[in-house]
Amino acid sequence: MERIRTNAVAFLQNNRRFWMSRAFSAGSSGLLERLRQQNEKDIVNLPEYKARSDLSHFLGVKAGVISSHATHPIEPPSPPSFGYKHVLTPPQMILSLDAAMATFHLHVESRIAALCGQGFYTIGPCGEEMLASIGHALDPVDATALHYRHLSVNILTQLRLGRSLDDIVLDRARGHVISKLDPVTGGVHCAIGSPKGESTNGAGDYVVTSTLASQCPPAVGRALGFSMADTLLKGDTYDDSTTKPLSFVTIGDGSVHNAHFLSAFNLARHARFRNKKCPVVFGVSDNGLSISYPTDGYADYLFSKSQRLGTLSGSGSRSIADRDGIPIFKANGCDTMDVYDKTLQATIYSRKYSAPSLILYQELTRRFGHAATDRQSAYMEQDVIDSMAESDVVASGIVQAAEQWNVLTYSEAHDRFEEIGKIVKDSFDVAAEEPKITSRDEMLDRVSQPMVSVPQLPMEKLVRSDEPQQQVSKGKRVKREVMRKHMTRVVSEVLEKDPDVVYIGEDVEHGGYYLVTDGLVKKFPGRVIDFPADETTLLGAAMGFSQVGLVPIIEIPYAKYLDCGVDMFYELAISNWLTNKQCPNGMIIRIQGFDKGIFGGNFHTHNMISHIPPGVDVLCYSNGEDYARGFRNAIIQARNGRVVALVDCTNLLNLRHLHEKDRGWETAYPAAEEVMSFHDVKQYGDRGKHLIVTYGNGVVTALRARRALAEQEVINHESEIDIIDSPYLSDIPEGLRDLLAKGIYEDVLFADICKEGPGSNILSSTVMGLKKDGILPAKWDFVAAPRTYNPLGNVVTFLNEEDIISSFKSMVS
């Protein structure tokens, strides 16, 4: 034991740069310090401040620097009856204490800063600081995504990577006071994560949003994607001498009820059932409360007591239960050694077998309210609140280190605690003086990765003065196909050209519901992959795939089904903005089953695009050649980190004829060099004085309405009306702006195939944008599908020719 203590003292002396090196410039005259002094009476009554004072007093008494002996008794955690299989070294234990102390101080100072009006995030570790040793069980090649209570794990991981505690703490303080210099989010949120440059090829600490358990589906995606990316991009480089990466993700016990977690856990279990490589470790910390809702040990029931109990073969540990093929490890969350031991056992298992496992961190007590706004007195008695606040897991961990393992003295622990406290306090002073977000342009700029420029298509490819069938009939030797055939061909083209592209979805291996992937699984085995029918895990897995270096194409079978995974859709959309462009999720999302159709009813012929959050490029093409050109651009943009959603109109996939039996909607496959920018628009006619703007199935509807208007002699000739196919729906295409800016049209009719009314149609925002820019003619009108649902076997509720004819007549009259 004396040798262990000697080594620990040497470690302390050699690493004082972690807690003594920084000279802060803000000093005692900064804004936050002045506010502390003004609010001193309120600060000293904060339960977190009192708890810190109590711990400081306890350590002072133990160290002999305070003569009083009136301290609350602190007991170290009891070791498990069967002992530890793995133990921390003295330097590892001290580093864990560093992380735990820093986490505790950060929590206290965040509450003080909030009371002073300078802090904006007060969710804290709440008695889970000693989970820090989890970080010692992980490897630098691993991917982590941590629950907000598990900050100490993030701090320890960064210490292991060589960052100084000073820098780590300052960066975290920046998050609390929303400084622009926060390296994780750039001043828009307080989130756990790795600074830029530490998350590469799937490794690193991924930013977790405030949405319950939303970190879980992408974590499983990363686990599934590791071996896939290695095989496709490197040629299967793992061997016995290589540390295989795994995905580690944590949640609180309240989150086990959330669909994000349940979907992710089910996908991991399904992967195990199907013998697919999925090295993911779930960590669940159970403190008995989901804010005010008592969880009553349900996590333990869910993961073990409701299942058959067993012992993992060869483990020799009775603390392991097998839940449907996923081993469950249980650790005392207050015992830093047990936390390390059980976490290491789980990671060894998952790394060795490329299989999922789960760790349940138990015996935890939430010391304080969930956040500063949490009124604990509304749902707990005061004596319970006081008792919980006295449960000092950091003090218990120090006692364990000093008395059970003899790795440091109380004097050293006291000095460490005070010095780290000063570093944290000074860090908040510095961060509070730093600039904050003030520019709206900054917020807009970071929404997406920059759009990559592509070669401009020749004008003759974008402007057709004649009807489509007359245009293509000139090349009789060129094979023309329906849109679906071109879609299959361009997906095959991309898979052939780019080995990092994978295609995932439901039933895609046999061709999908619309045969877009027909035959591709044979051409590209292992890259066209079926997933279980769950859009949450499908989109979450795609997010994880993107983060390990793949470019996923995701097929959503029907537009209505996007609702089932919409929150994960929003999660992947916000990532670029939230991480200040550091963690984009480049991908293509193919959304089928949209607009006009007689099969499936409203659930398979949905005509609302309600979900267009910032950060997603949404397009809806009307014909095969433009789809192929646009898809080539989509893969370029996805590779650069943009999220591209392509919405497919069911009616167009196999449409051959525009008028009667003319085969006018079949097109030739475009040459390989033809790429269509998102801002390009297709123009049918270039001599008209009237204009109809539409997209997708609306283009065919408008072309047919134009002929009917000529036959009814409302116009003299079809050439009097130009029709613009404007497929880019998430912004106003520059091609449309440029055309309208010429001022050559007397009037414009916008024909939207989506339902009219708030939150559903697309072109209404286009109209207002053009109006604001002053380039919309004085006379214009708008028509959309009626605001109702779509019956089975009937197309009465979709935008039709008569809607456009009637609106056009009204507009020109």
> Regarding Ser377 and Gln382, is there a side-chain donor-to-acceptor distance under 3.5 Å anywhere?
Replying inline: no
> Going by distance alone, is a donor N or O of one side chain under 3.5 Å from an acceptor N or O of the other, for Thr185 and Asp182?
Replying inline: yes
> Is there a side-chain contact between Leu170 and Asp166, using heavy atoms and a 4.5 Å cut-off?
Replying inline: no
>> Nearest 0.5 angstrom please: Met380 CE to Ile385 CD1, how far?
In response: 5.0 Å
>> Can you tell whether the side chains of Lys422 and Glu419 come within less than 4.0 Å, N to carboxylate O?
In response: no
>> Can a donor-acceptor pair be found, under 3.5 Å and without considering hydrogens, that links the side chain of Gln215 to the backbone of Thr250?
In response: yes
> Relative to Tyr206, does Arg222 satisfy both conditions: NZ or CZ under 6.0 angstrom from the six-membered ring centre, and within 45 degrees of the ring's axis?
Replying inline: yes
> Do NZ/NE/NH1/NH2 and the carboxylate oxygens of Arg52 and Glu109 come within less than 4.0 Å?
Replying inline: yes
> Is the centre of the Tyr84 ring less than 6.0 Å from the centre of the Tyr340 ring?
Replying inline: no
> Side chains of Ser285 and His150: donor-acceptor distance under 3.5 Å anywhere?
Replying inline: yes
>> We want to know whether Arg366 and Gln376 form a side-chain donor-acceptor pair, criterion being a heavy-atom distance below 3.5 angstrom.
In response: yes
> If every non-hydrogen atom of Thr157 is compared with every non-hydrogen atom of Gly135, which pair is closest and at what distance?
Replying inline: OG1-CA, 4.0 Å
> For Thr211 and Glu571, does a side-chain donor sit closer than 3.5 Å to a side-chain acceptor?
Replying inline: yes
> Is the backbone of Gly288 close enough, under 3.5 Å, to the side chain of Thr295 for a donor and an acceptor to pair up by distance?
Replying inline: yes
>> Set out, in order, the CA-CA distance, both residues' side-chain angles and the distance that settles side-chain contact (heavy atoms from CB on, under 4.5 Å) for Leu95 and Gln92, then state yes or no.
In response: CA-CA 5 Å; Leu95 209 62; Gln92 286 177 325; 5.7 Å; no
> Is the distance between the ring centroids of Phe265 and Phe303 under 6.0 Å?
Replying inline: yes
>> Checking the side chain of Ser575 only, and the main-chain atoms of Cys583 only, is there a donor and an acceptor separated by less than 3.5 Å?
In response: yes
> Quick check: does any side chain N or O of Ser164 sit under 3.5 Å from a backbone N or O of Asp167, one acting as donor and the other as acceptor?
Replying inline: yes
> Does Phe428 reach the side chain of Ile112, with side-chain heavy atoms less than 4.5 Å apart?
Replying inline: no
>> For Tyr148 together with His370, are the ring centres under 6.0 Å from each other?
In response: yes
> Does the side chain of His189 pick up a donor-acceptor pair with the side chain of Ser210 at under 3.5 Å?
Replying inline: yes
> Going by distance alone, is a donor N or O of one side chain under 3.5 Å from an acceptor N or O of the other, for Ser214 and Tyr570?
Replying inline: no
> Are Asn332 and Asp338 linked by a side-chain donor-acceptor pair shorter than 3.5 Å?
Replying inline: no
>> As an exercise, state the distance from OG1 of Thr438 to NZ of Lys180, rounded to the nearest 0.5 Å.
In response: 5.5 Å
> Any side-chain heavy-atom pair from Leu358 and Val284 closer than 4.5 angstrom?
Replying inline: yes
> Short question: side chain of Ser396, backbone of Val393 - any donor-acceptor pair under 3.5 Å?
Replying inline: no
> Closest heavy-atom contact between Glu128 and Asn287?
Replying inline: OE2-ND2, 3.5 Å
>> Closer than 3.5 angstrom, by distance alone: can the side chain of His260 be matched with the main-chain N or O of Leu212 as a donor-acceptor pair?
In response: yes
> Which heavy atom of Ser152 sits nearest a heavy atom of Ala99, and at what distance?
Replying inline: O-CB, 3.5 Å
> Do Arg416 side-chain atoms and Leu97 backbone N/O form a donor-acceptor pair below 3.5 Å?
Replying inline: no
> Under the side-chain contact (heavy atoms from CB on, under 4.5 Å) criterion, do Phe58 and Val399 qualify, and how do the steps go?
Replying inline: CA-CA 11 Å; Phe58 169 79; Val399 172; 3.8 Å; yes
>> Side chains of Tyr379 and Asp374: any donor to acceptor distance under 3.5 Å?
In response: yes
>> Check Arg149 with Asp253, please: is the shortest side-chain N to carboxylate O separation under 4.0 Å?
In response: yes
> When you measure from the side chain of Ser133 to the backbone N and O of Thr336, does any donor-acceptor pair fall under 3.5 Å?
Replying inline: yes
>> Using every non-hydrogen atom in the two residues, find where Ala100 and Val394 come nearest and quote the distance to one decimal.
In response: O-CG2, 4.3 Å
> Any side-chain heavy atom of Trp405 sitting closer than 4.5 Å to one from Pro90?
Replying inline: no
>> Keeping Ser255 on the side-chain end and Asn258 on the backbone end, is there a donor-acceptor pair under 3.5 Å?
In response: no
> Should the pair Arg367-Glu48 be classified as a salt bridge under the 4.0 Å nitrogen-to-oxygen rule?
Replying inline: no
>> Does atom CZ (Phe120) have a neighbourhood of more than 12 heavy atoms from anything else shown, all under 6.0 Å?
In response: yes
